[in-house]
Amino acid sequence: MQEQLPFMLALVAAIVLIEMLATKLRVAYPVLLVVAGLLISFVPGLPKVKADPEMIFFIFLPPLLFEAAWSISFKEMKKWWRIIGSFSFLVVFFSALSVAVVANYFIPGFTLALGFLLGGIVSPPDAVSTGAIMRFVKIPKSTSAILEGESLLNDASSLIIFKFALLAVGTGQFILQDALINFSWMVAGGIGVGLICGWIFMQAHKILPTTAASDIAFTLIEPYFLYWIAEHLHSSGVLAVVSGGLFLANRRLTFLSSASRISGYNFWDAFIFILNGIVFMLIGLELPEVVDGLRTNGIPLGTAIYYGVLVTAVLIAARIVSSYAALLATLVFRPSVAPSVNNRRRMWRVPLLLGWTGMRGVVSLAAALAIPVVLQESGQPFPRRNLILFITFLVILLTLLIQGLTLPYFIKRSKLFEFSGDMPEDEAKLKVRNELAVHTLRLLKAKHEKGEYKDSHLQRMIDQWEHKLSQPESMKMSEETKLNYLELLENQRQFLAELNKDP
């Protein structure tokens with residue numbers, strides 16, 4: 001432990017520095033983290049990092065999924081549920097099926113069960129990578145909501161495929177009737193556990209005399225409870241975390257104070273950043289050991305790289321084909337949404353761009369590392385485990401490097417989102433401020449007429465809000481005004497700091 005602790009602390013420090021460098025270079029930080037982890041693994045004398053397959057799901061997945069559920073706009077998710085649903089389930093299943101068929105046909109020793117296992121691992125795109133890349137380009141709110149909602153739900157669907165394939169590999173049999181019953185219970189039980197436990201957690205926040213610190217502590221343990229309870233009931237822990245997280249997130253204003261929400265956002269932002277950083281670094285740190293395992297099993301490195309490139313190409317092609325299939329289905333079943341002739345050219349480019357957003361990352365790595373070393377039934381080594389790990393690592397690396405580095409360029413080059421129809425962010429904020437001013441003024445005047453407000457400053461407040469409505473530009477702070485205001489605040493802080501030095 002004393003040897004591992006300094007290394008882990010240095011690892012966290014390296015993650016922070018790499019993220020700063022990535023921001024400076026305007027590159028998504030997962031790309032640099034994967035490369036850095038691979039380079040660090042070749043430094044002599046460093047302790048070996050081994051992830052426990054039994055604990056990898058339980059440590060990393062619940063908080064990552066829970067935070068993603070809290071971050072997404074539930075309103076936008078309901079608005080675009082058809083597209084999100086098709087990408088989250090149909091696209092994931094089609095991608096897993098494509099990988100299973102290709103792996104069974106081209107990779108020696110791969111059965112359909114092993115192919116589906118690999119497909120379930122590498123089929124879900126990574127929300128962290130996509131979000132990190134989208135920081136450097138402007139896309140419509142609707143597109144962002146689709147990508148976020150898809151990334152949340154496709155984790156659940158892919159991991160269900162993974163678990164069924166893992167069971168089929170372990171037992172050597174797949175009974176369709178039993179699989180359908182188990183699948184139904186995993187989905188219904190997982191969602192049910194999430195909603196019931198989410199309601200219980202919400203009542204606990206309301207009834208108990210919590211503070212901001214205790215609220216944050218509760219939100220930290222809640223995803224682990226959701227996952228643990230659902231798994232012990234043999235349902236989907238992933239769906240429990242997702243459904244419970246969405247339930248709580250949609251009601252956060254009813255049971256969390258403003259202090260809890262602000263402090264919780266800052267805590268979770270830092271916590272998830274560290275978790276994601278560690279997982280991405282693990283990709284590179286584990287790779288040399290996986291390569292040694294390939295050599296032990298007699299698989300040449302060049303052959304393994306070929307398999308990884310093949311699976312990556314299949315995944316990219318399957319996602320693009322699925323995107324166009326979803327578009328065609330929309331035009332067939334909902335012809336009323338068909339665009340005008342002028343927009344058709346743009347319409348046929350959007351699926352290609354959405355198909356190019358399929359970077360893989362944290363969930364794929366966690367699933368791959370969770371493959372047991374030996375089969376539970378026979379005690380024999382798990383077939384092709386090292387090859388599956390290597391292909392997963394290569395898929396993550398290639399999609400991050402190829403798609404991740406080129407996606408911002410393609411978005412800017414295509415100019416698809418320059419005239420998206422979405423209201424500009426500054427204009428949208430100004431509209432909300434104006435509506436808020438109208439509501440506030442109406443409330444103040446109503447209270448004043450009823451005689452409920454007897455404060456001498458009430459009329460001054462009414463005058464201030466009337467002035468804001470008469471001059472809407474006053475509610476929009478210019479960049480120069482912002483800089484001056486921040487400078488004023490900094491001078492006030494310095495003054496208070498100097499004042500605090502006096503005895």
Side-chain angles (χ1 to χ4, degrees), residues 7-43 46 49 51 60-61 63-65 67-68 71-72 122 124-139 143-144 147-148 150-152 155 265-288 312 316 353-354 356-366 368-369 392-414 417 425:
F7 175 69
M8 294 303 295
L9 294 175
L11 204 62
V12 174
I15 291 169
V16 175
L17 294 174
I18 291 169
E19 194 272 342
M20 294 178 184
L21 177 62
T23 303
K24 187 76 175 178
L25 298 176
R26 298 184 66 81
V27 175
Y29 74 88
V31 177
L32 294 187
L33 285 175
V34 172
V35 176
L38 182 59
L39 295 176
I40 291 173
S41 66
F42 291 106
V43 176
L46 291 180
V49 178
F60 288 102
L61 278 184
L64 291 174
L65 295 171
E67 192 273 340
S71 300
I72 193 173
V122 298
D126 181 54
V128 177
S129 305
T130 305
I133 291 167
M134 293 307 172
R135 290 165 51 190
F136 306 114
V137 290
K138 289 185 177 181
I139 62 173
T143 305
S144 177
L147 292 175
E148 289 175 358
E150 174 212 359
S151 66
L152 178 63
D155 293 342
Y265 175 83
N266 294 328
F267 167 80
W268 275 93
D269 195 34
F271 179 57
I272 293 301
F273 168 71
I274 293 174
L275 279 185
N276 280 318
I278 291 174
V279 174
F280 278 113
M281 290 286 269
L282 279 175
I283 298 174
L285 290 170
E286 288 260 344
L287 194 54
T312 304
I316 294 175
L353 199 59
L354 288 176
W356 201 251
T357 59
M359 289 75 66
R360 269 61 181 181
V362 174
V363 174
S364 294
L365 178 68
L369 293 174
T392 303
F393 292 159
L394 201 58
V395 167
I396 295 171
L397 184 62
L398 290 176
T399 54
L400 283 175
L401 291 177
I402 297 173
Q403 294 176 287
L405 292 178
T406 58
L407 182 60
Y409 171 78
F410 286 157
I411 291 176
K412 293 177 182 178
R413 180 83 176 179
S414 66
F417 302 131
E425 186 176 355

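Sequence positions, counted from 1, serve as the residue numbers for this chain.
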Indicate the atoms forming the closest heavy-atom contact of R360 with V122, along with that distance. NE-O, 2.6 Å

Looking only at heavy atoms, the pair that brings P124 and S364 closest together is O-OG, 3.9 Å

Student check: side-chain heavy atoms of I15 and I274 closer than 4.5 Å: no

Please name all residues satisfying ring pair (Phe, Tyr, Trp, His ring centres under 6.0 Å) with F271, sequence neighbours left out, ordered by chain then number. F267, W268

In this structure, CG of L32 is separated from CG of L17 (nearest 0.5 Å) by 12.0 Å

May I ask you to test the I396-T392 pair for a side-chain heavy-atom distance under 4.5 Å? yes

Distance (rounded to the nearest 0.5 Å) between F393 CZ and L398 CG: 13.5 Å

Heavy-atom closest contact (P63 atom, I272 atom, distance): O-CD1, 3.5 Å

Only counting residues at least two apart or in another chain, list the ones meeting side-chain contact (heavy atoms from CB on, under 4.5 Å) with V16. M20, F273

Less than 4.5 Å apart, any side-chain heavy atom of T312 and any of L394? no

